Amino acid sequence: MSKRALITGITGQDGSYLAELLLSQGYQVWGLVRGQANPRRSRISRLMSDLYFVDGDLMDQGSLVAAVDRVQPDEVYNLGAISFVPMSWQQPELVTEVNGMGVLRVLEAIRIVSGLNGSRNGGSQIRFYQASSSEMFGMVTESPQCEKTIFHPRSPYGVAKAYGHFITRNYRESFGMYAVSGILFNHESPRRGAEFVTRKISRAVANIKLGYQDKLALGNLDAVRDWGFAGDYVRAMHLMLQQDGPTDYVVGTGRMNSVRDAARIAFEHVDLDWRDHVVVDPDLVRPAEVETLCADARRAEAELGWTPTVDFAGLMRMMVDADIRQVSREREYEDLQVAVGW
Ligand code: NAP
Ligand code: G4F
């Protein structure tokens, strides 16, 4: 019988790649979706006929218990979150509820459906993956960062993710659950949300190249990240749930690039000079910045056999090419609307 997976956050970037990977491996894939006629299903529209859906929200414990009970999954991937860091200064309580307490609620749903309690901690058949983040390292105490590096989160987002990380470990230790966290560094793709810096750059480059835009406003150009391709990172998530025992892993490329590098590579790809177009907007600088991140992913490589396949320049070029195609299509459609008088 095929394995069943339940993915929270299936409409997001990672959820869409993970759903594709699991379907290709013969899984029955269920997505937890929220809201009436969820508008963001476009990332998974090609997969709709192969997927199963169950309603639920990380803010609602009862809906999660009902979802786990209905799906009876072998594996649960908790990818759902408010993932844009600046939002966490604007709505810190909401982000803490979804990104922190939401993890506890999924773990509780698994515990309740599995019939585990304090005196019966024999584990659950359901394996659990938590989407932890390199944002937890924040103001880094060493470089590169590995599984043992101390956390110093710099945003309410990072603090909530640290709670999710520790409560996952606590349920593993308290109830014998196979519950693990992947501490993933930044990963991007043509499906990345338009608010994140790599996609903001690739989309602007496409618009500028095609003559629809002239300037691109960015914040801190000196910020350094370890950026990889999302399609590679979902392989690591899956591998983490296939091991003999549960352990947390850092996943990243071990390469550092700045926001300035990202802009330079993207503009160069279409024969433009980034300095002619990029302007710095101080309003985009964060109240507390994570200046630099770099992964030491040797455990993932040694134990999972995981390595990335796309380098940073290749990733930026892939995103620019995809956005040139997308912007062209959007503009053609707009022109058609004008032509027929819609
Ligand atoms: P994303 O594209 O922003 O997707 C977030 C997903 O969370 C969406 O499907 C969204 O659903 C769902 N969600 C939001 N609030 C929810 C709620 N209250 N209940 C249920 N679902 C909710 O994020 P991503 O880049 O795929 O990242 C996936 C996970 O990895 C996130 O937890 C993120 O924090 C973490 N992470 C990401 C990176 C990265 O570089 N991408 C690195 C480290 C960790 P709707 O469509 O309904 O809004
Ligand atoms: O692309 P970003 O918004 O990603 P950030 O904040 O690193 O968070 C992403 O990665 C985390 C893993 O480390 C995830 F947990 C999280 O969910 C998310 O996926 O910003 C990257 C850097 C920051 O230092 C930011 O200050 O780019 C800098 N930046 C400079 N100008 C900008 C801009 N970021 C954005 N979004 N927009 C700008 O105009």
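Throughout, residue positions are numbered sequentially from 1 according to the sequence presented. No experiment lies behind these values; they were computed from the predicted model shown.
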Q.
Can you see whether S202 engages D323 through a side-chain donor-acceptor pair at a distance of less than 3.5 angstrom?
A. yes

Q) Using the benzene-type ring in the case of Trp, are the ring centres of Y17 and F229 under 6.0 Å apart? A) yes

Q. Is it true that the side chains of S181 and Q130 contain a donor and an acceptor less than 3.5 Å apart?
A. no

Review item, side-chain donor-acceptor pairs of residues 100-109, under 3.5 Å, at least two apart:
{"from": "R105", "atom 1": "NH1", "to": "L58", "atom 2": "O", "distance (Å)": "2.8"}
{"from": "R105", "atom 1": "NH1", "to": "E97", "atom 2": "O", "distance (Å)": "3.4"}
{"from": "R105", "atom 1": "NH1", "to": "E97", "atom 2": "OE1", "distance (Å)": "3.4"}
{"from": "R105", "atom 1": "NH2", "to": "E97", "atom 2": "OE1", "distance (Å)": "2.4"}
{"from": "E108", "atom 1": "OE1", "to": "R111", "atom 2": "NH2", "distance (Å)": "3.1"}
{"from": "E108", "atom 1": "OE2", "to": "R111", "atom 2": "NE", "distance (Å)": "2.6"}
{"from": "E108", "atom 1": "OE2", "to": "R111", "atom 2": "NH2", "distance (Å)": "3.4"}
{"from": "E108", "atom 1": "OE2", "to": "Y171", "atom 2": "OH", "distance (Å)": "2.8"}

Q. Between N186 (side chain) and D226 (backbone), is there a donor-acceptor pair under 3.5 Å?
A. no

Q: In sequence, state the C-alpha distance, the side-chain angles, and the governing distance for H165 and F151, and then conclude on ring-ring contact (aromatic ring centres under 6.0 Å, His included).
A: CA-CA 11 Å; H165 185 81; F151 297 157; 5.2 Å; yes

Q: Decide whether T149 and E142 meet the rule of one side-chain donor and one side-chain acceptor closer than 3.5 Å.
A: yes

Q. Can you find a pair of side-chain heavy atoms, one from T8 and one from I10, that are under 4.5 Å apart?
A. no

Q.
With a 3.5 Å distance limit and no angle check, can you tell me whether H152 reaches the backbone of I150 through a side-chain donor-acceptor pair?
A. no

Q. Are Y52 and W30 close enough that their ring centres sit under 6.0 Å apart?
A. yes

Q. Ring pair (Phe, Tyr, Trp, His ring centres under 6.0 Å) with W227: which of Y233, F312, F196?
A. F312

Q) Is a salt bridge present between E75 and R4, judged by a nitrogen-to-oxygen distance below 4.0 Å? A) no

Q) Does S63 reach the main-chain N or O of G56 with its side chain, forming a donor-acceptor pair under 3.5 Å? A) no

Q | Lys/Arg N to Asp/Glu carboxylate O, E330 vs R203, below 4.0 Å | A | yes

**Q.** Whether D311 side chain and G314 backbone form a donor-acceptor pair below 3.5 Å
**A.** yes

Q: Identify whether the distance between the nearest side-chain nitrogen and carboxylate oxygen of E20 and R191 falls below 4.0 Å.
A: yes

Quick one: side chains of residues 276-287, donor-acceptor pairs under 3.5 Å with protein atoms, not counting sequence neighbours, listed by atom name and distance.
{"from": "H277", "atom 1": "ND1", "to": "D214", "atom 2": "O", "distance (Å)": "2.8"}
{"from": "D281", "atom 1": "OD1", "to": "D283", "atom 2": "N", "distance (Å)": "2.8"}

Q.
Can a donor-acceptor pair be found, under 3.5 Å and without considering hydrogens, that links the side chain of N99 to the backbone of I82?
A. yes

Q. Can we say D14 and R43 salt-bridge, meaning some charged N sits less than 4.0 Å from an Asp/Glu carboxylate O?
A. no

Q. Within the side chain of Q242, is there an N or O that forms a donor-acceptor pair under 3.5 Å with the backbone of H238?
A. yes

Q: Taking only Lys NZ, Arg NE, NH1 and NH2, and the carboxylate oxygens of Asp or Glu, determine whether R329 and E332 approach each other closer than 4.0 Å.
A: no

Q.
Side chains of L293 and F137, heavy atoms from C-beta outward: is any pair under 4.5 Å?
A. yes

